[in-house]
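Data first, discussion second: the structure below is written as structure tokens.
Here, residue 1 is the first one in the sequence, and each next residue gets the next number.
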Amino acid sequence: MSAGWLGALADFEARGIPAVLVTVAATDGSAPREAGTKMVVTATEAIATIGGGTLEFRAIEIARQMLAGRQGPALRKFPLGPALGQCCGGHVTLLFEPQRPDLFTVALFGAGHVGRAVVQVLSALPCRIRWFDPRPDAFPDHVPPGVEVEVTAAPEREISGLPDDAWLLVMTHSHAVDLGITAKALQEDRFAYVGLIGSATKRARFEKRCRELGLSDAQLTKLVCPIGVDGISGKHPGEIAIATAAQILRLREARRQHLRLVDESAA
């Protein structure tokens with residue numbers, strides 16, 4: 001039995017990609033593969049095989065329908081006769097198990113000392129990190145699993161490709177680049193968090209420039225600057241990283257509790 005499905009499932013989980021694990025749960029009579037055979041299906045890929053043919057095609061179709069409809073696990077029995085156009089003649093029972101990683105996306109702009117420290121801390125959390133910088137040599141040779149390095153000459157253009165409710169951290173080597181990213185993120189007004197490294201003085205300067213660019217006071221209230229939980233004043237990259245991670249976790253938990261209450265009140 002190939003273990004390719006296992007590595008694929010772990011990779012999809014690390015990258016926050018929903019998938020369905022399809023397992024041959026039981027067979028009765030002649031069947032293309034034995035019980036325990038597995039396949040992993042995402043919206044765009046199918047890894048490993050449960051025997052090919054119409055049965056596999058139908059299993060992939062069902063798995064993708066489950067992902068689209070957010071369905072739970074299910075058992076399905078298939079006759080391998082004329083209905084599926086397969087000559088085996090037996091029956092196969094398939095177990096479909098949707099896997100939806102509870103990951104949140106962090107978009108980190110800047111690969112300096114603080115950015116590197118932030119990646120080391122956040123990579124231990126259940127999140128997907130997209131790490132942007134225009135300087136390819138600024139990134140370390142090795143990055144933790146779940147971190148995607150993206151070299152881009154215009155980081156602010158990457159904002160539109162980020163998912164809704166992403167958590168943004170802006171800490172590049174340039175105040176001008178920081179401003180472009182921050183203004184664009186606040187203008188789109190769809191992210192869970194827009195954090196800018198710097199002091200209260202830097203925040204005041206950025207607010208002034210953002211107003212000149214047409215941003216409203218309501219949009220500017222979404223800016224978090226300085227970043228990090230209160231009570232940690234250290235400037236060491238590791239201290240900033242831990243304080244920032246703690247702030248994101250605290251705000252994320254508060255956000256989840258709020259959404260839970262909204263759902264309960266609507267039920």
Side-chain angles (χ1 to χ4, degrees), residues 103-119 121-122 125 127-134 138 148 150 152-259 262:
L103 303 183
F104 59 101
T105 297
V106 175
L108 173 61
F109 294 87
H113 294 300
V114 177
R116 290 184 176 214
V118 168
V119 165
V121 172
L122 290 181
L125 303 178
C127 67
R128 173 194 180 198
I129 302 172
R130 296 181 63 182
W131 195 5
F132 301 94
D133 199 287
E148 297 177 29
E150 303 187 41
T152 172
E156 69 278 3
R157 295 180 185 172
E158 306 297 332
I159 298 294
S160 60
L162 295 175
D164 292 345
D165 293 332
W167 298 71
L168 278 62
L169 285 168
V170 184
M171 49 184 68
T172 77
H173 62 293
S174 163
H175 285 302
V177 175
D178 281 355
L179 177 62
I181 296 167
T182 301
K184 176 66 172 172
L186 293 173
Q187 190 176 46
E188 292 206 5
D189 195 21
R190 60 187 180 87
F191 300 114
Y193 175 94
V194 179
L196 171 67
I197 195 169
S199 63
T201 301
K202 181 176 180 179
R203 180 190 181 107
R205 290 201 307 269
F206 270 53
E207 285 185 344
K208 180 176 183 295
R209 289 290 292 117
C210 285
R211 288 191 179 93
E212 293 171 355
L213 293 171
L215 273 73
S216 67
D217 288 344
Q219 289 171 321
L220 288 172
T221 60
K222 305 293 182 62
L223 176 63
V224 179
C225 179
I227 55 175
V229 292
D230 295 335
I232 300 178
S233 58
K235 302 301 181 185
H236 186 279
E239 293 175 310
I240 296 172
I242 291 171
T244 301
Q247 183 179 53
I248 288 175
L249 288 176
R250 187 174 67 183
L251 292 174
R252 183 169 179 261
E253 183 60 29
R255 181 184 178 87
R256 293 170 71 180
Q257 290 180 5
H258 172 72
L259 293 175
V262 170

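A cation-pi arrangement is found for K202 relative to F206, the charged atom lying closer than 6.0 Å to the ring centre and inside a 45° cone about the ring normal.
Using a 4.5 Å heavy-atom threshold, the side chains of I232 and V229 count as touching. Side-chain contact between C127 and I129 is present, with at least one heavy-atom pair separated by less than 4.5 Å. Inter-residue side-chain proximity for R211 and D217 is flagged as met; some heavy-atom pair is nearer than 4.5 Å. Taking the side chain as every heavy atom from C-beta outward, L168 and V106 never approach each other to under 4.5 Å. The shortest side-chain heavy-atom distance between E150 and F109 does not fall under the 4.5 Å cut-off.
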(request) Show the numbers, then the answer: is there a side-chain contact (heavy atoms from CB on, under 4.5 Å) between Y193 and L251? (result) CA-CA 9 Å; Y193 175 94; L251 292 174; 3.7 Å; yes
(message) What verdict does the side-chain contact (heavy atoms from CB on, under 4.5 Å) test give for T172 and F132, after you've listed the backbone C-alpha separation in whole Å, the side-chain angles of each residue and the deciding distance to 0.1 Å?
(response) CA-CA 9 Å; T172 77; F132 301 94; over 6 Å; no
(request) Could you go through the side-chain contact (heavy atoms from CB on, under 4.5 Å) check for D164 and F191 one step at a time? (result) CA-CA 6 Å; D164 292 345; F191 300 114; 5.6 Å; no
(message) The test is side-chain contact (heavy atoms from CB on, under 4.5 Å); show your working for L196 and V224 and say whether it passes.
(response) CA-CA 6 Å; L196 171 67; V224 179; over 6 Å; no
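Using modelled atom types, no side-chain atom of T182 and backbone atom of L179 make a donor-acceptor pair closer than 3.5 Å. Without hydrogens or angle criteria, R116 side chain to A138 main chain gives a donor-acceptor distance under 3.5 Å. With hydrogens and angles ignored, the 3.5 Å screen pairs no side-chain donor or acceptor of E253 with any backbone N or O of R250. Remark: side-chain polar atoms of E156 are not paired, donor with acceptor, to backbone N or O of I181 under 3.5 angstrom. No donor-acceptor pair under 3.5 Å is formed between the side chain of R130 and the backbone N or O of E148.
A distance of 6.0 Å separates OG in S160 from NZ in K184, rounded to the nearest 0.5 Å. The distance from atom CZ of R203 to atom SG of C210, rounded to the nearest 0.5 Å, is 10.0 Å. Here the straight-line distance linking atom CG of L103 with atom CZ of R128 works out to 9.5 Å at 0.5 Å rounding.
Of the candidates V177, V170, D178, P155 forms a side chain to side chain contact (heavy atoms under 4.5 Å, CB included) with just one, namely V177. Partner of D165 under the side chain to side chain donor-acceptor pair (under 3.5 Å) criterion, chosen from R190, R255, R252: R255.
Between E212 and R209, at least one side-chain N (NZ, or NE/NH1/NH2) sits under 4.0 Å from a carboxylate O, which counts as a salt bridge. Ion pair E239/K235 not flagged as a salt bridge, since none of the NZ, NE, NH1 or NH2 atoms sits closer than 4.0 Å to an Asp/Glu carboxylate oxygen.
The two atoms that bring V118 and L169 nearest to each other are CG1-CD1, 3.8 Å, heavy atoms only. In this structure, A107 and L162 approach most closely via the heavy-atom pair CB-CD1, 3.7 Å. Across every non-hydrogen atom of P237 and V114, the tightest pair is CB-CA, 4.0 Å. Of all heavy-atom pairs spanning L186 and L220, the tightest one is CD1-CD2, 4.1 Å. Residues V121 and A241 come closest through the heavy atom pair CG2-CB, 3.8 Å. Considering all non-hydrogen atoms of both residues, P226 and G198 come closest at CB-O, 3.1 Å.
Within 6.0 Å of the NE2 atom in H236, the count of heavy atoms belonging to other residues, nucleotides or ligands does not exceed 12.
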